[in-house]
Amino acid sequence: MSDCIFCKIVNGDIPSAKVYEDEEVYAFLDLSQVTKGHTLVVPKQHTKNIYETHPQVASNLFARIPKIATAVKEAFGADGVNIVNNNDEAAHQSVFHLHIHVLPRYGQGDGFGLKWEDNSESTTQEQLQETAEKIKEKIS
Ligand code: DGP
């Protein structure tokens, strides 16, 4: 897509610090470097977000994540890696070309954080079943 910044990066129209490329996928360092080695992995084929992504494009994209995440982790001796994909502004998507963040982790205070509530104590089995039914109805 002509006005997409990640398409321009994939096409080499604007520079990037590339870490991996093949016929389907391009991976490069995120400018923000939330943690050292923070990498973005994108499909070469433009797709706006996860909802609009063809299953084969999603499959090809995620198939590359294990080797890229392993390399990112090993390059700087990280303790772990978070894999993050944001969809819609409400979920902090700011570039509307599907991308996977690979975020190496170096311990508390390394720059990345997830607020992750545990509601298991206040959620009943009935509520879980009701919620599952609503989602199942939408899966075609
Ligand atoms: P998200 O918020 O999930 O849409 O992440 C988009 C990321 O893209 C954000 O962390 C910053 C990064 N980014 C934006 N513009 C550029 C760019 O021109 N080059 C690179 N390398 N990264 C960019």
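Ring pair Phe28/Tyr26 is tilted by interplanar angle, where 30° to 60° counts as tilted.
Tyr20 and Ile83 fall within the same hydrophobic cluster, defined by Ile, Leu, Val, Met, Phe, Trp and Tyr side-chain heavy atoms under 4.5 Å apart, directly or through other members. Under the 4.5 Å side-chain heavy-atom criterion for ILVMFWY residues, a single connected hydrophobic cluster contains both Ile14 and Val10. In the hydrophobic cluster analysis, where Ile, Leu, Val, Met, Phe, Trp and Tyr join through side-chain heavy atoms closer than 4.5 angstrom, Ile65 is grouped together with Val19. By the criterion of side-chain heavy atoms lying less than 4.5 angstrom apart, applied directly or through intervening Ile, Leu, Val, Met, Phe, Trp or Tyr residues, Trp116 is grouped together with Val34 in one hydrophobic cluster. Note on Val41 and Leu29: same hydrophobic cluster, where clusters join Ile, Leu, Val, Met, Phe, Trp and Tyr whose side-chain heavy atoms are under 4.5 Å apart, directly or indirectly.
Of all the heavy atoms in Thr35 and Pro104, the pair that sits closest is OG1-O, 2.7 Å. Shortest non-hydrogen contact noted between Val81 and Val102 is CG1-CG1, 3.6 Å. What you find for Lys18 and Glu21 is that their closest heavy atoms are NZ-OE1, 2.7 Å.
One distance of note links CD1 of Ile50 with CG of Leu98; it measures 5.0 Å at 0.5 Å rounding. Atom OH of Tyr51 sits about 3.5 Å away from atom CG of Asp88, to the nearest 0.5 Å. Note that the CD atom of Glu89 and the CZ atom of Phe96 stand 4.5 Å from one another [nearest 0.5 Å]. Taking NZ of Lys8 as the reference point, atom CG of Asn11 lies at 10.0 Å (rounded to 0.5 Å). In this structure, CG in Leu31 is found 10.0 Å from NE2 in His38, a value given to the nearest 0.5 Å. Once rounded to the nearest 0.5 Å, the distance linking CD of Glu52 with NE2 of His46 reads 8.0 Å.
A donor-acceptor pair under 3.5 Å is formed between the side chain of Ser122 and the backbone N or O of Asn119. Listed for the Asp30 side chain is a donor-acceptor partner under 3.5 Å among the backbone atoms of Ser32. Within the 3.5 Å criterion, the main-chain N or O of Ala63 finds no donor-acceptor partner in the side chain of Asn60. Within the 3.5 Å criterion, the main-chain N or O of Gln127 finds a donor-acceptor partner in the side chain of Thr124. A donor-acceptor pair is defined here as one N or O able to donate and one able to accept, closer than 3.5 Å; such a pair exists between the side chain of Tyr106 and the backbone of Lys36. The backbone N or O of Glu126 sits nowhere less than 3.5 Å from a side-chain atom of Gln129 that would complete a donor-acceptor pair. Between the Thr53 side chain and the Ala58 main chain, no donor and acceptor come within less than 3.5 Å of each other. Under the 3.5 Å distance criterion, the side-chain polar atoms of Gln93 are matched with a main-chain donor or acceptor of Val95. Put simply, the side chain of Gln33 gets close to the backbone of Gly37: a donor and an acceptor are under 3.5 Å apart. A donor-acceptor pair is defined here as one N or O able to donate and one able to accept, closer than 3.5 Å; such a pair exists between the side chain of Asp110 and the backbone of Phe112.
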Show your reasoning for whether salt bridge (Lys or Arg N to Asp or Glu O under 4.0 Å) applies to Glu133 and Lys136. CA-CA 5 Å; Glu133 288 304 324; Lys136 271 157 49 179; 3.1 Å; yes
Could you walk me through whether Val42 and Val25 satisfy the side chain to side chain contact (heavy atoms under 4.5 Å, CB included) test, starting with their C-alpha distance in whole Å, then the side-chain angles of each, then the deciding distance to 0.1 Å, before giving a yes or no? CA-CA 6 Å; Val42 307; Val25 162; over 6 Å; no
Does the pair Ile100 and Leu40 meet the rule for a side chain to side chain contact (heavy atoms under 4.5 Å, CB included), with working shown? CA-CA 6 Å; Ile100 308 289; Leu40 297 173; over 6 Å; no
Report the C-alpha separation of Arg105 and Asp79 in whole Å, then their side-chain angles, then the decisive distance to 0.1 Å, and conclude whether the salt bridge (Lys or Arg N to Asp or Glu O under 4.0 Å) test is met. CA-CA 6 Å; Arg105 301 302 307 277; Asp79 303 318; over 6 Å; no
Test log, rule salt bridge (Lys or Arg N to Asp or Glu O under 4.0 Å), inputs Glu23 and Arg64: CA-CA 12 Å; Glu23 64 285 356; Arg64 276 64 169 188; 3.7 Å; yes
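More than 12 heavy-atom neighbours from other residues, nucleotides or ligands sit within 6.0 angstrom of NZ on Lys44. Residue Glu24 qualifies as enclosed at atom CD: its count of foreign heavy atoms under 6.0 Å is above 12. Counting heavy atoms of neighbouring residues, nucleotides and ligands inside a 6.0 Å radius, atom CZ of Phe62 does not exceed 12 of them.
Taking the six-membered ring wherever Trp is involved, the centroid distance between the rings of His101 and His99 falls below 6.0 Å.
The side-chain heavy atoms of Thr70 and Val72, taken from C-beta on, include no pair separated by under 4.5 Å.
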